[in-house]
2 protein chains.
Amino acid sequence: MTDDEKLPAWCSGEGWCPLTATAGMISKKWHPVIIHRLLDDGDKGFNDLKKEVSGISSKVLSESLDDLEDKGIVERTVISEKPFRVKYALTERGEGLEPAINEMIKWGRENMKEASSEEESIV
Amino acid sequence: MTDDEKLPAWCSGEGWCPLTATAGMISKKWHPVIIHRLLDDGDKGFNDLKKEVSGISSKVLSESLDDLEDKGIVERTVISEKPFRVKYALTERGEGLEPAINEMIKWGRENMKEASSEEESIV
DNA sequence: CGGTATCCTCATTGATACTG
DNA sequence: CAGTATCAATGAGGATACCG
């Protein structure tokens, strides 16, 4: 921890809070996974992404991507018009989320593996 | 990063994914702030918390706390019956979220301060 | 103090189908 | 390939009031 061990009181509602702000950016059902997919493999087309985030519908992926683009986390580039093709990549800002994502993964690994092995033993 | 620089493909939907799991735990509007409040000051009563997470209603705080308790992140203790009093604290598992929360805060600070100063100049 | 009970509204998701 | 349109379903979140 450097200089953020304590958040000012205004973080609790009256003003702008970096935690609330960040949560607002990525606290959507699919955002973390989409960002993570983009983090570890680089550029992808729409359907590549759809395959890797399996379970997501075109509509929701599209909306999520739009949202992430608005927020400056993802960048969309049209790479060809004739066979229409785009690519999605993280912006610099988006890549900056890597530590946060990784901490989330780490926590998930540490704290939910027992739950998942219990599940297995129930099965 | 230790051993989580790349998540297996099954993270994309078919199986259990630590990232999705973690996101599922804390991706609620008030969860990160509540956890953070509990992180930096220790035990709190219901109304202490309500004051610090200003803007939240009793109902939503109560629901959030129940949810966090179910998930083993928060622990509720009744400390006295006569003047009825409870305290909320993070469990060990909950405290383990500190790095993730801190990374979120860090990211928020780095990436949204420009946006907030722009806002000021608009105002 | 520490919550519940209601009721209501809006946002998010999902399934399905269709388009340039 | 890369989406959009539509519509239905769910559920999170909020306002207000009340209870042990």
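- Here the straight-line distance linking atom CG of A:Leu38 with atom CD1 of A:Ile34 works out to 8.5 Å at 0.5 Å rounding.
- Grouping the Ile, Leu, Val, Met, Phe, Trp and Tyr side chains by contacts below 4.5 angstrom, directly or via other members, places B:Phe84 with B:Leu49.
- For A:Asp67 and D:dG3, the CG to P distance is 15 Å, given to the nearest whole Å.
- What separates CD1 of A:Ile56 from C1' of C:dT13 is a distance of 10 Å, to the nearest Å.
- Considering only side-chain N and O atoms, B:Tyr88 lies under 4.0 angstrom from the phosphate OP1 or OP2 of C:dG3.
- What separates CD of B:Glu63 from P of C:dC7 is a distance of 15 Å, to the nearest Å.
- When distances are taken from the side chain of A:Asn47 to each of C:dG14, C:dG3, D:dC1, the shortest belongs to D:dC1.
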#### Entry: Intermediate values then yes/no, salt bridge (Lys or Arg N to Asp or Glu O under 4.0 Å), B:Glu63 and B:Lys59
CA-CA 6 Å; B:Glu63 285 171 352; B:Lys59 183 201 152 196; 3.8 Å; yes
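- Across the protein-nucleic acid pair, B:Leu61 atom CG and D:dG14 atom P stand 12 Å apart, rounded to whole Å.
- Nearest nucleotide to the A:Trp30 side chain, out of C:dG3, D:dG3, C:dG14: C:dG14.
- Between the CZ atom of B:Phe46 and the P atom of D:dC19 there is a distance of 18 Å, rounded to whole Å.
- If you check every strand for non-hydrogen atoms under 4.0 Å, A:Lys50 touches nothing.
- To the nearest 0.5 Å, atoms CG (B:Asp66) and CZ (B:Arg76) are separated by 8.0 Å.
- Atom pair A:Ile79:CD1 and D:dG3:C1' shows a separation of 15 Å (rounding to whole Å applied).
- Atom NZ in B:Lys29 sits about 4 Å away from atom P in D:dG14, given to the nearest Å.
- One side chain, B:Ser58 or B:Lys50, offers a donor N or O that lies under 3.5 Å from an acceptor on the other.
- Considering only the side chain of B:Lys59, D:dG14 comes nearest among C:dG3, D:dT4, D:dG14.
- Side chain of B:Arg85, nearest nucleotide from D:dG3, C:dC1, C:dG3: C:dC1.
- Nearest nucleotide to the B:Arg76 side chain, out of D:dA2, D:dG14, C:dG3: C:dG3.
- Base contact: B:Ser58 has a heavy atom under 4.0 Å from a base atom.
- Along DNA chain C, the nucleotide nearest A:Phe84 and the nucleotide nearest A:Ser64 are compared for position; the residue whose nucleotide lies closer to the 5' end is A:Ser64.
- For the pair A:Glu52 CD and D:dA2 P, the computed distance is 13 Å after rounding to whole Å.
- Distances shown here put every side-chain N or O of A:Ser57 at or beyond 4.0 Å from the OP1 or OP2 atom of C:dT13.
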